[in-house]
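Heads up: the structure comes next, in C-alpha cells.
Labels below follow one simple rule: chain letters A, B, ... track the order of the sequence lines, proteins then strands, and each chain is numbered from 1. Because only heavy atoms are used, hydrogens play no part in the values below, and waters and symmetry mates are left out as well, while side chains stay in.
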There are 2 protein chains.
Amino acid sequence: MSQSPKQSADRTAPTSADVARLAGVSRATVSYVLNNTATVRISDGTRRKVREAAEELGYVPHAAARSLRAGHTRMVLLPTASVPVGPLYSAFFDELQWALRRLDYTVVQYGSLGMEADEAARAWAELRPVAVVSSGEIALTPQGVEVLKRSGAKAVITLGAHRVEGAHALVLNQSEIGRQAVAHLVRRGRRRIGVIMPEERGLDFFSEPRLEGARQAAAGTGAEIVPLPLRYEEEPAAALAGRWRELGLDAVFSYNDEYAMLLMRALQDAGIDVPGETSVVGADDLLLGRLLRPRLSTVQIDMVIGRQLAELVDRVVRDPDGTPERHDLIAARLIPRESS
Amino acid sequence: MSQSPKQSADRTAPTSADVARLAGVSRATVSYVLNNTATVRISDGTRRKVREAAEELGYVPHAAARSLRAGHTRMVLLPTASVPVGPLYSAFFDELQWALRRLDYTVVQYGSLGMEADEAARAWAELRPVAVVSSGEIALTPQGVEVLKRSGAKAVITLGAHRVEGAHALVLNQSEIGRQAVAHLVRRGRRRIGVIMPEERGLDFFSEPRLEGARQAAAGTGAEIVPLPLRYEEEPAAALAGRWRELGLDAVFSYNDEYAMLLMRALQDAGIDVPGETSVVGADDLLLGRLLRPRLSTVQIDMVIGRQLAELVDRVVRDPDGTPERHDLIAARLIPRESS
DNA sequence: TTGAAAGCGCTACCAC
DNA sequence: GTGGTAGCGCTTTCAA
C-alpha cells in the first residue's frame, strides 16, 4: 500500500487561526473573507490567498463557536417521536425542510422518543434553536414554551389539534376529514355509521379529531356514530367483522385507506357485501384504494404546502412579538368510488 | 387581560454566572454542582443553594458553549433525505435513536434533501458531531469522510450497499432479498423471471442489489432474469400487464409488497392468472400481502436491531482507530403463500 | 471546600 | 484594507 492520506485524520481540526497563519493574514481578515462581510473592503489578492488557504487546510467553521459569539443560531428544531404517519406527512416534512433551508435555516430533527414534556423542552433549549416546530407527538406545556422562549427561541409553533399557551398554532383540522366522510355516508342514506379508532399508540392524535368531525357531520341528521377500536392486524379485524351484523352498522369510516383495506377484506371474508350491506370510506387517497375491489371511496387530504409553514416560521422569527397566529392546514375532499 | 408572564420571555437566557450570583457562589461551583463533578467535594448546603437558584431562574446550560469548551460533542448525526422507506426502516431508526440516547448521545437528524455530497459533508462537519451514521441516501465520498474525521468525527458509518473508503460499513445486503425470492421461484420451476425495478428516485439504492441477488440465484439454473422498470402508478402497471404475454414471463419478483399489489391487480385485470400463469413474490411481509387474493408470497426481512448499531457507534467512538468493521444487517426469509 | 482565571473558535468593533 | 482584541458561556486547573 502506498502512503494513505490517513495522517491528516488524527490531526485536530484547522481553525480560522490556522487559515490566517497559512495565508499570512489576521484571523479577522479570514472571517471577513469567508463570510463575505459587506462592511469591509478586502483586496482581491488577499481574498484569493485566504480562500486557497482555507481550501488547502479543509477548513470548516465551527458552528458552536459561531453561534456562541453571535448570541443566536439559525437552527429550526423539529422534535420527532416515531409516529408512523405515512407518505402525506413525510412529503409535508420534506417540503418544510427544503423551504426552511432555502430561507437559510439549519433544520434539525431531534429524536425525542420517550421523553417527558418538560424534560424534552429543556433538552431542546440546550441547543438554543431560533425556532421550534413541534408536531405534537411530544406534548408541549406552557412551561415548556416558556423555557424555550427564555432560551432564545423566537418562534414556538405547534402543529396539531391543540393550542398551547404562548405558542403559535398550526392547526391540522383533522376533524374536517371525519366530517367529509360521514356527510357523504349520510347523503348516501346511511344511518348507523361506525368509525374505526386505531389502537396503535400515537394515532389518537389524528383519530380523535376525525371522530369528532364525524359526530358533527352526523348531528341533527338522525344518523348515529359508533366508535370501533381496532388494532391493525388480521385477527381483530376478523373478530370485528364477525360481530358486524349484531352491531347493526350500515357504513363505516375506517380512519384511513390502510385500515379500510384491512376491514374491507375482513368484511368480505365474513360474507358482508360492500357496498350493498355496508359502505366503507377511507382517507388519504392512497394508490391501494384504487386497487381494491370494489374501489375504495376515500377522503383526499391536501396538506398545506410546507413552504407556507416555512414562511410562517420566518415571519415569527423576524417579529416574535406578533400576535400568535392560528392557521388551518388541511383541506379535505371526498372522492366517491365503488365502496360507498 | 391581567399581567401575563410575558415579561420574562424577552429577557435574555440566564447563564451559569446568573445562577452563581443568585446562589452566592462562584461559577465554578455552579458547574461542579450541576455536573455532579466527582473529583471535587461540595457541601450539601451549597449544593442545595445552587440547585434552587438554577431552578428558580429556569437555567438551561448552553450546549454550544459546553462543547466549545470541551472540544467535542456527544452528537450523533443522522443525515436524512426523504426516501419513502416504509415501516421496517423507520422502526429500525426509532430503535437506533432510542439506543443511542441510552448511551448518552444526542441524536440529531439533519435534513440534507437536495444537497451535493461534499457540500453536505461540510454542513454536517460544522456541527462537529462525534459520529455520523449515513443511511446512504446522500452519497458519502472518501473526501467527505475525510472532512468529517478532520472535524472531529470519531465514527463515520455508512448504512447501505456500498463501502466508502475510510468509513465503517454496515452493509444492508439487499441482494439476499432478491436471491431468496428468485431461488424460491426457480424451485417452483419458473424459468423466465421478471424483476420489478421502481423508477422512483432514491430506490435504486435498494433495487439494484436486489436485482443483483436475483441474478446470482438464477445463475446456472437455466432461469432467465428480466428487469422491468415500473412507476408506482396504475397506468404503467396496466401497460406492463398488457404486454405480459409477449414478454413470455412465468414469474415476477416485484421489489416489495406494495409494487406486488399494484402489479398483481394489473395482471388479474388483464386476465393473467396468478399463480397459474405467473407467480408473484413481494418483499417486506406487510400486512397487506395477507389481505390480497391470492395471498402474497413474500420475503420477510429481519433488520438487525438498532441497539446493535448503537453499540457499534459507541465502540467506534471509543476506539476510532480500530479496523473498519463490516457487518451484514439483513436476514431474509421467504414466506410462501398462494401467489407463487 | 471554594474562587479566580484561562481559553475553546469565532466575529465585530476600533485603531492603524 | 488590514490587524488587535474583547468577549460569547462554559469547564477545569491551580491557588487559596
Side-chain angles (χ1 to χ4, degrees), chain A residues 11-51 53-54 57-75 125-128 130 150-152, chain B residues 11-51 53-54 57-75 125-128 130 150-152:
Chain A
R11 274 208 309 257
T12 181
T15 72
S16 74
D18 296 323
V19 177
R21 203 172 306 117
L22 181 58
V25 299
S26 75
R27 285 150 71 221
T29 304
V30 171
S31 175
Y32 294 142
V33 171
L34 297 183
N35 295 306
N36 284 312
T37 308
T39 60
V40 84
R41 295 270 154 264
I42 304 278
S43 70
D44 283 357
T46 305
R47 299 192 103 84
R48 227 195 31 257
K49 274 194 307 188
V50 169
R51 292 236 150 79
L57 293 176
Y59 170 70
V60 176
H62 192 305
R66 175 179 290 174
S67 65
L68 182 57
R69 165 68 223 221
H72 60 260
T73 69
R74 294 282 293 171
M75 179 190 300
E126 291 194 3
L127 299 178
R128 298 294 193 269
V130 70
R150 296 277 323 256
S151 78
Chain B
R11 275 207 310 255
T12 181
T15 72
S16 74
D18 295 323
V19 176
R21 203 172 307 118
L22 181 58
V25 298
S26 75
R27 285 151 71 222
T29 306
V30 170
S31 177
Y32 293 142
V33 171
L34 297 184
N35 295 307
N36 285 313
T37 307
T39 60
V40 83
R41 294 269 155 264
I42 304 280
S43 70
D44 283 357
T46 304
R47 297 193 105 85
R48 229 198 26 257
K49 274 194 308 188
V50 171
R51 293 234 150 81
L57 292 175
Y59 170 71
V60 177
H62 192 306
R66 173 178 293 173
S67 63
L68 182 57
R69 165 67 221 220
H72 60 259
T73 68
R74 292 283 292 173
M75 179 189 301
E126 290 194 2
L127 298 178
R128 299 292 193 270
V130 69
R150 297 275 323 255
S151 77

Output all residues satisfying side chain to side chain donor-acceptor pair (under 3.5 Å) with B:Ser43, sequence neighbours left out; order by chain, then residue number.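 Partners of B:Ser43 under the side chain to side chain donor-acceptor pair (under 3.5 Å) test: B:Thr46.
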
Over how many whole Å does the gap from B:Arg150 atom CZ to C:dG9 atom C1' extend?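 So the two atoms are 16 Å apart, to the nearest Å.
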
note: B:Lys49, atom NZ; C:dT1, atom P; distance rounded to Å ~ 14 Å

Kindly state each residue pair satisfying side-chain hydrogen bond (donor to acceptor under 3.5 Å, both in side chains) with at least one member in residues 64-75 of chain B, sequence neighbours excluded. none

Does any pair with a residue in residues 14-26 of chain A pass side-chain hydrogen bond (donor to acceptor under 3.5 Å, both in side chains), and if so which ones, sequence neighbours excluded? A:Asp18-A:Arg21, A:Ser26-A:Thr29

Of residues 26-35 of chain B, the positions that come close to DNA chain D - non-hydrogen atoms, cut-off under 4.0 Å: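 Within residues 26-35 of chain B, the residues near DNA chain D are B:Arg27, B:Ala28, B:Ser31, B:Tyr32, B:Asn35.
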
Just how large is the angle between the end axes of the helix from C:dT1-D:dA16 to C:dC16-D:dG1, five pairs per end, to 10 degrees? 40°

Would you please confirm or rule out a distance under 4.0 Å between OP1 or OP2 of C:dT2 and any side-chain N or O of B:Thr46?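 So the side chain of B:Thr46 is within the cut-off, an N or O lying under 4.0 Å from OP1 or OP2 of C:dT2.
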
Below 4.0 Å: OP1/OP2 of C:dT2 and any side-chain N or O of B:Ser43: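 Checking C:dT2 against B:Ser43, a side-chain N or O does come within under 4.0 Å of OP1 or OP2.
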
Range on DNA chain D touched by chain A - first to last nucleotide, heavy-atom distance under 4.0 Å: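 From 5' to 3', the first and last contacting nucleotides are D:dG1 to D:dG9.
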
Shortest non-hydrogen contact from [X] toward [Y]:
X        : Y       : result
B:Leu127 : A:Ala63 : CD2-CB, 4.0 Å
B:Val50  : B:Val30 : CG1-CA, 4.0 Å
B:Pro14  : B:Gly58 : CG-O, 4.0 Å
A:Thr37  : A:Ser31 : OG1-O, 4.1 Å

Quick check against the 3.5 Å criterion: does A:Arg128 have a side-chain atom that pairs as donor or acceptor with the backbone of A:Met75?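 No, A:Arg128 side chain to A:Met75 backbone: no donor-acceptor pair under 3.5 Å.
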
Within residues 58-69 of chain B, which residues have any heavy atom lying less than 4.0 Å from an atom of DNA chain C? B:Leu68, B:Arg69

Closer to the 5' end of DNA chain C via nearest nucleotide, is it B:Val40 or B:Arg128? B:Val40

Tell me every residue that passes side-chain contact (heavy atoms from CB on, under 4.5 Å) with B:Leu68, counting only those two or more places apart in sequence or in another chain.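 Result, side-chain contact (heavy atoms from CB on, under 4.5 Å) vs B:Leu68: A:His62, A:Ala65, A:Leu68.
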
If I take atom CZ from residue B:Arg150 and atom OG1 from residue A:Thr12, how far apart are they, to the nearest 0.5 angstrom?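 These two atoms lie 8.5 Å from each other.
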
Is there any salt bridge (charged side-chain N to carboxylate O under 4.0 Å, His left out) pair reaching into residues 37-49 of chain A, and which pairs are they, with sequence neighbours excluded? A:Arg48-A:Glu52

